[in-house]
There are 2 protein chains.
Amino acid sequence: MNEFNEYFKSAFTVDNVIFGFDEGDMKVLLIKRGEEPYKGKWALPGYFVNPAEDLDAAAKRVLGELTGLRNVYLEQVRTFGAVNRHPAGRVITVAYFSLIKISDYAIQASSIAQKAKWHSIARVKDLAFDHKEILQACFNRLKWLVRARPVGFELLPPKFTLTELQHLYEAILETELDKRNFRKKILSMNLLIDLDETQEGVAHRPARLYQFDKEKYEEFLAEGFSFELKESKKKENPLRKNASPSFP
Amino acid sequence: MNEFNEYFKSAFTVDNVIFGFDEGDMKVLLIKRGEEPYKGKWALPGYFVNPAEDLDAAAKRVLGELTGLRNVYLEQVRTFGAVNRHPAGRVITVAYFSLIKISDYAIQASSIAQKAKWHSIARVKDLAFDHKEILQACFNRLKWLVRARPVGFELLPPKFTLTELQHLYEAILETELDKRNFRKKILSMNLLIDLDETQEGVAHRPARLYQFDKEKYEEFLAEGFSFELKESKKKENPLRKNASPSFP
DNA sequence: CCATGGTAGTGTAAAACTTACACTAATTCC
DNA sequence: GGAATTAGTGTAAGTTTTACACTACCATGG
């Protein structure tokens with residue numbers, strides 16, 4: 001384990017951008033720093049990687065300690081290693097983001113978790129270190145992702161209405177969508193199960209509830225992202241004007 | 001600089017997947033290892049990051065020492081940090097890929113460079129460490145990228161024919177493209193300058209030569225990837241069936 | 001100089017997809 | 001029962017994608 005003593009070694013951490021969706025708004029879970037540097041500032045949850053721990057495992061650990069959640073969507077985004085990103089020395093950090101259902105989240109007993117709070121992404125000002133930049137990079141990645149895969153479902157409760165789904169997409173993409181076109185599109189993907197239930201306790205016409213069809217999605221993944229609806233005879237031409245897999 | 005001595009520190013490196021295009025084939029520049037571990041195996045060029053060096057700078061340095069080239073397209077892809085990826089200890093590596101014009105490349109005097117050789121990607125078998133996996137990740141990223149940005153031009157000489165360009169796209173996307181549709185599409189982007197010259201020394205009808213229009217491309221980038229040709233009145237709907245920027 | 005071999009270059013019609021747009025339906029609350 | 005509020009629905013026009021085959025041009029060799 002000390003083969004590399006002749007070379008410079010660095011501390012390295014993982015930082016986790018934990019996204020949630022609530023009240024029609026994309027949120028991120030931040031922690032108030034209790035120590036210098038950047039004491040009192042909000043920061044992304046992160047921690048040092050252990051010697052016998054894979055990077056992904058470290059990211060999962062950070063998330064688990066903070067939220068108590070396992071088996072959530074987690075993706076590596078980019079590594080930030082500018083020489084001066086940490087005032088006290090060289091620290092390289094691998095940025096991850098994860099998607100959780102806020103309803104599943106409960107404040108953990110751990111002392112770190114006590115200081116955690118959800119923030120609307122749009123209203124996040126400056127963060128400790130280069131964490132604002134990391135947040136932005138992760139949010140951009142999420143924007144990409146939401147058009148390529150049905151990740152939106154990771155952020156919603158198991159049963160949801162089409163309007164809720166649309167609001168989620170609007171929050172991630174930071175734009176407005178046409179209701180009819182959105183529904184047409186999303187239903188044509190055949191990734192939703194109509195539960196034949198409706199909302200309860202709302203002061204207006206209740207909406208139908210849907211559920212994500214994980215099986216269909218996996219079929220679709222297995223087919224290599226072809227997203228071939230119906231019996232289209234169309235060949236997959238990767239140079240289509242906008243030829244990336246897209247969801248919806 | 002020793003603020004973090006209480007935490008585990010690791011050696012870290014950058015590995016660079018250097019892509020080139022030649023003889024209708026995508027190539028990658030590999031180095032034959034002269035030392036254990038994996039002595040005699042081919043590996044990606046990489047090196048340890050220096051204490052006062054940003055990650056990107058380290059990747060550029062690796063590339064420069066090996067090829068003598070500067071100012072080439074370089075992009076971080078992902079960080080590989082599995083505990084056992086290096087048999088002699090924990091080494092975390094940040095993977096980059098770069099795109100170079102093979103014609104610009106000349107073997108450098110350095111001893112490393114002497115051992116470097118271009119390999120057809122399709123024919124690469126096993127590499128040292130987890131480098132095969134890194135190569136694959138970078139190639140996948142390139143596939144994405146080529147549909148989102150005109151990176152292809154980084155791989156071709158300044159003057160090229162449409163057929164050459166098409167072959168490049170076919171090599172990256174690992175598919176065949178329709179000649180007429182390809183030309184229609186690529187010309188409609190208005191990113192090519194017709195040089196009004198033709199090939200010389202070919203034993204058949206010589207093709208017209210084109211050049212990449214960097215100015216137009218920068219305009220286009222400034223417009224926020226809108227790719228709006230002509231005076232289309234269409235609003236940008238991010239949920240279009242395949243709504244990612246695409247090139248061509 | 002003509003025939004051959006080989007690549008360059010070109011258009012169109014059908015299908016698929018995207019866009020724009022406005023009214024009725026169902027429920028609760030008062 | 002009327003008001004308020006959100007759910008739900010269809011169609012036509014415009015744009016993009018797809019499929020497809022022939023002529024043009026140049027060099028070479030007989």
In B/S/- notation (B base, S sugar-phosphate only, - none; protein heavy atoms under 4.0 Å), nucleotides 2-11 of chain C written 5' to 3' is ---BBBBBBB
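Taking the six-membered ring where tryptophan is involved, the planes of Tyr105(B) and Trp118(B) are perpendicular, since the angle between them exceeds 60° and thus also 30°. Between Phe153(A) and Phe212(A), the ring planes are parallel. Angles under 30° get that label, and only those over 60° would be called perpendicular.
In the model, Tyr217(A) has no side-chain atom that pairs as donor or acceptor with a side-chain atom of Glu215(A) under 3.5 Å.
Counting to the nearest Å, the P atom of dG8(D) and the NZ atom of Lys185(A) are 20 Å from each other. A straight line from CE of Met189(A) to C1' of dC17(C) spans 11 Å, rounded to a whole angstrom. Atom CD of Glu200(B) is separated from atom P of dC26(D) by 12 Å (rounded to the nearest Å). One interatomic measurement links the two molecules: CG of Leu165(A) to P of dA7(D), which rounds to 13 Å at whole-angstrom precision.
The 12-atom threshold is exceeded at NZ of Lys143(A), counting heavy atoms of other residues, nucleotides or ligands nearer than 6.0 Å.
From Asn190(B), atom CG reaches atom CD of Glu219(B) across 10.0 Å, with rounding to the nearest 0.5 Å.
Proximity of a side-chain donor or acceptor of Gln199(B) to a complementary backbone N or O of Ala207(B) within less than 3.5 Å is detected.
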